[in-house]
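Below: the structure, in structure tokens.
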2 protein chains.
Amino acid sequence: MKYSYEYPHPAVTVDCVIFGLDSESLKILLIKRKEEPFINKWALPGGFVGINESLEDAAVRELQEETGIKKSYMEQLYTFSEPGRDPRERVITVAYYALVNLEEHQINAKTDALSAAWFSVDDIPKLAFDHEMIFETALNRLRGKVRYQPIGFELLPKKFSLSQLQKLYELILEKPLDKRNFRKKILNMELLTDLDEVQEDVNHRAARLYSFNEKRYRKLIKDGFNFEI
Amino acid sequence: MKYSYEYPHPAVTVDCVIFGLDSESLKILLIKRKEEPFINKWALPGGFVGINESLEDAAVRELQEETGIKKSYMEQLYTFSEPGRDPRERVITVAYYALVNLEEHQINAKTDALSAAWFSVDDIPKLAFDHEMIFETALNRLRGKVRYQPIGFELLPKKFSLSQLQKLYELILEKPLDKRNFRKKILNMELLTDLDEVQEDVNHRAARLYSFNEKRYRKLIKDGFNFEI
DNA sequence: CCAAAAGTGTTCACGGTACACCCATGC
DNA sequence: GCATGGGTGTACCGTGAACACTTTTGG
């Protein structure tokens with residue numbers, strides 16, 4: 001007990017809701033706890049914040065440690081503080097959410113496969129602590145944000161087809177979109193670079209590939225453009 | 001130094017960006033610090049979080065203590081954590097923003113008038129700590145949110161005219177709106193109750209008064225309605 | 001009667017939506 | 001040649017934007 005204060009201080013942790021997408025569903029990464037409390041329960045990856053570390057740094061570090069992913073979209077979600085949310089002591093947790101590309105990073109669970117796994121967002125097991133609430137908050141944020149900010153691209157490989165992009169929105173927003181209207185809308189935004197390449201190794205007509213043009217997006221934004229799906 | 005921990009714990013505070021509106025501008029409440037550090041500098045109202053108090057409770061309590069306002073719209077904004085943001089020790093602050101009605105509550109600065117004052121958002125003095133960044137974040141959030149959530153009403157008295165409402169949006173969004181289009185849009189939403197009353201004590205034609213119909217709003221939302229200005 | 005703000009309709013352009021068939025490729 | 005997904009255009013409707021004058025009230 002080396003650290004003393006005149007007034008009680010809460011412990012502060014970060015927890016990460018890490019979203020990934022494959023062809024079937026939107027998923028999040030969970031880890032199986034190896035310690036009490038909630039031993040053997042699934043939980044969001046997370047941990048304590050170092051005393052000289054910003055929350056952002058701590059969240060990036062946790063993501064790195066749990067998944068091996070170094071660079072990805074990450075954003076602060078919300079801070080959860082209900083006294084009693086951790087049975088051990090007063091713990092305030094700052095939640096982040098990240099969007100990662102499941103195909104490019106074949107998540108090398110440093111932690112072994114039994115203790116880390118991807119779960120479809122509509123089939124999440126009981127979670128430790130108040131992590132279900134954190135997950136719900138993250139999913140709602142993602143659903144809201146994906147419609148008016150071009151963050152969905154972070155879930156796709158750098159080169160993607162319009163069908164992949166459409167599927168992404170359909171999975172996240174949980175509603176079907178009209179193919180012709182979707183393409184018209186996306187292409188009219190002039191946010192995508194046509195790579196003049198096509199898919200390989202598919203057993204049907206190969207789709208054209210595009211990439212998200214970040215530079216162009218920033219320029220459009222300055223001119224008052226509003227992204228919206 | 002009565003409170004000891006095995007690992008160092010940061011201190012946790014809440015800070016509140018309290019927005020109010022009068023006929024000239026959007027304002028925030030600042031208080032003048034009476035202690036080091038940043039003695040005599042203006043700062044956002046805030047303070048330490050009790051060890052058995054949720055952040056929400058702490059923010060509500062601070063608002064109460066500084067302004068006497070008990071009930072108002074309040075929402076968590078963001079958590080600021082840069083090491084070094086407080087010169088004394090590691091302090092993580094969870095910022096909230098509140099919308100209050102300047103006309104109904106004649107803010108009784110329990111703290112005397114010299115040490116608490118309203119400042120127009122486009123004339124904010126240098127602030128203590130990283131409070132300028134917190135303020136900017138709050139203003140951006142408000143500007144973004146006011147367009148697609150009916151939170152602007154929280155800044156107005158319960159009974160208001162359409163001109164007051166339009167002025168509100170013009171002040172927050174910093175752009176003029178067309179009167180006829182604005183009225184058409186707002187009234188078509190059917191979110192306002194026409195009170196069949198008019199202003200009193202004005203030296204020109206008295207405007208009709210309306211109130212925001214919260215119940216109706218919730219019903220519309222369930223049916224897929226999207227508020228947008 | 002003047003000042004000050006309230007209140008009121010129409011036209012036009014654009015973007016959203018609905019909708020069905022042919023094309024390319026691999027097996 | 002068939003299965004699988006890729007790719008394309010048009011017509012209609014509703015909403016957003018531009019725009020100016022009359023009405024009411026108090027002083």
Side-chain angles (χ1 to χ4, degrees), chain A residues 21-24 103 146-148 150 156-157 159-171 173 175-211 220 223-229, chain B residues 21-24 103 146-148 156-157 159-171 173-211 220 223-229:
Chain A
L21 188 81
D22 65 18
S23 54
E24 287 122 45
E103 308 206 353
V146 82
R147 286 182 46 219
Y148 61 92
L156 293 178
K159 304 175 176 189
F160 53 84
S161 70
L162 292 180
S163 293
Q164 278 178 290
L165 187 61
Q166 181 178 342
K167 191 77 185 289
L168 180 157
Y169 283 104
E170 290 179 332
L171 285 172
L173 301 176
K175 67 177 179 193
L177 299 172
D178 179 89
K179 184 160 63 161
R180 278 177 291 189
N181 292 338
F182 180 80
R183 283 162 184 252
K184 207 190 318 170
K185 187 163 184 173
I186 293 286
L187 292 176
N188 275 347
M189 289 183 189
E190 298 186 311
L191 277 178
L192 299 188
T193 304
D194 184 336
L195 295 172
D196 254 314
E197 286 178 60
V198 294
Q199 289 179 320
E200 282 169 25
D201 303 321
V202 288
N203 61 344
H204 53 74
R205 177 173 175 180
R208 274 191 108 66
L209 295 176
Y210 296 83
S211 67
L220 287 171
D223 301 349
F225 165 80
N226 271 320
F227 180 86
E228 192 183 335
I229 295 293
Chain B
L21 187 82
D22 64 19
S23 53
E24 288 121 45
E103 308 204 355
V146 82
R147 285 182 46 219
Y148 62 94
L156 294 178
K159 303 175 177 188
F160 53 85
S161 70
L162 292 180
S163 293
Q164 278 178 290
L165 187 62
Q166 181 177 343
K167 191 77 185 288
L168 180 157
Y169 282 104
E170 290 179 332
L171 285 172
L173 302 177
E174 289 187 310
K175 66 177 181 194
L177 299 172
D178 179 89
K179 184 158 65 160
R180 279 176 290 190
N181 292 338
F182 180 80
R183 282 162 185 252
K184 209 189 315 170
K185 187 164 184 173
I186 292 287
L187 292 176
N188 275 347
M189 289 182 188
E190 298 186 311
L191 277 178
L192 300 188
T193 304
D194 183 336
L195 295 172
D196 253 314
E197 284 179 64
V198 293
Q199 289 179 321
E200 281 170 25
D201 305 320
V202 288
N203 62 345
H204 54 74
R205 176 171 176 181
R208 273 190 108 66
L209 294 177
Y210 296 84
S211 67
L220 286 172
D223 301 348
F225 164 80
N226 272 321
F227 180 87
E228 192 183 337
I229 295 293

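All chains are named by letter (A, B, ...) in the order of the sequence lines, taking the proteins before the strands, and each is independently numbered beginning at 1.
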All N/O contacts under 3.5 Å from nucleotides 19-22 of chain D to the protein, with atom names and distances to one decimal?
{"residue": "D:dC19", "atom": "N3", "partner": "B:Arg180", "partner atom": "NH2", "Å": "3.2"}
{"residue": "D:dC19", "atom": "N4", "partner": "B:Asp178", "partner atom": "OD2", "Å": "3.3"}
{"residue": "D:dA20", "atom": "N1", "partner": "B:Arg180", "partner atom": "NH1", "Å": "3.4"}

Apply side-chain hydrogen bond (donor to acceptor under 3.5 Å, both in side chains) to [X] and list each qualifying residue two or more places apart in sequence or on a separate chain.
| X | answer |
| --- | --- |
| B:Lys159 | B:Glu197 |
| A:Arg183 | A:Ser163 |
| A:Gln199 | none |
| A:Asp223 | none |

Categorize B:Arg208 for me: base, sugar-phosphate, or nothing, with a 4.0 angstrom heavy-atom threshold over every strand shown. sugar-phosphate

What residues, two or more places apart in sequence or in another chain, satisfy side chain to side chain contact (heavy atoms under 4.5 Å, CB included) together with [X]?
| X | value |
| --- | --- |
| B:Leu171 | B:Leu21, B:Lys167 |
| B:Leu173 | B:Val146, B:Arg147, B:Tyr169, B:Lys175 |
| A:Leu191 | A:Met189, A:Phe212, A:Tyr217, A:Leu220, A:Phe225, A:Phe227 |

Sequence neighbours excluded, the answer for salt bridge (Lys or Arg N to Asp or Glu O under 4.0 Å) partners of B:Asp22 is B:Lys27

Shoot me the first and last contacting nucleotide of DNA chain C against chain A, ordered 5' to 3', at under 4.0 angstrom to non-hydrogen atoms. C:dG16 to C:dG26

Please figure out whether A:Ser163 or B:Asn203 has its closest DNA chain D nucleotide nearer the 5' end. A:Ser163

Closest non-hydrogen contact found for B:Phe160 with B:Leu192 is CZ-CD2, 3.9 Å

Show me the side-chain donor-acceptor pairs of residues 200-207 of chain B shorter than 3.5 Å, one per line, residues at least two apart or across chains.
none

Near-strand residues of residues 193-201 of chain B, defined as heavy-atom separation under 4.0 angstrom from DNA chain C: none

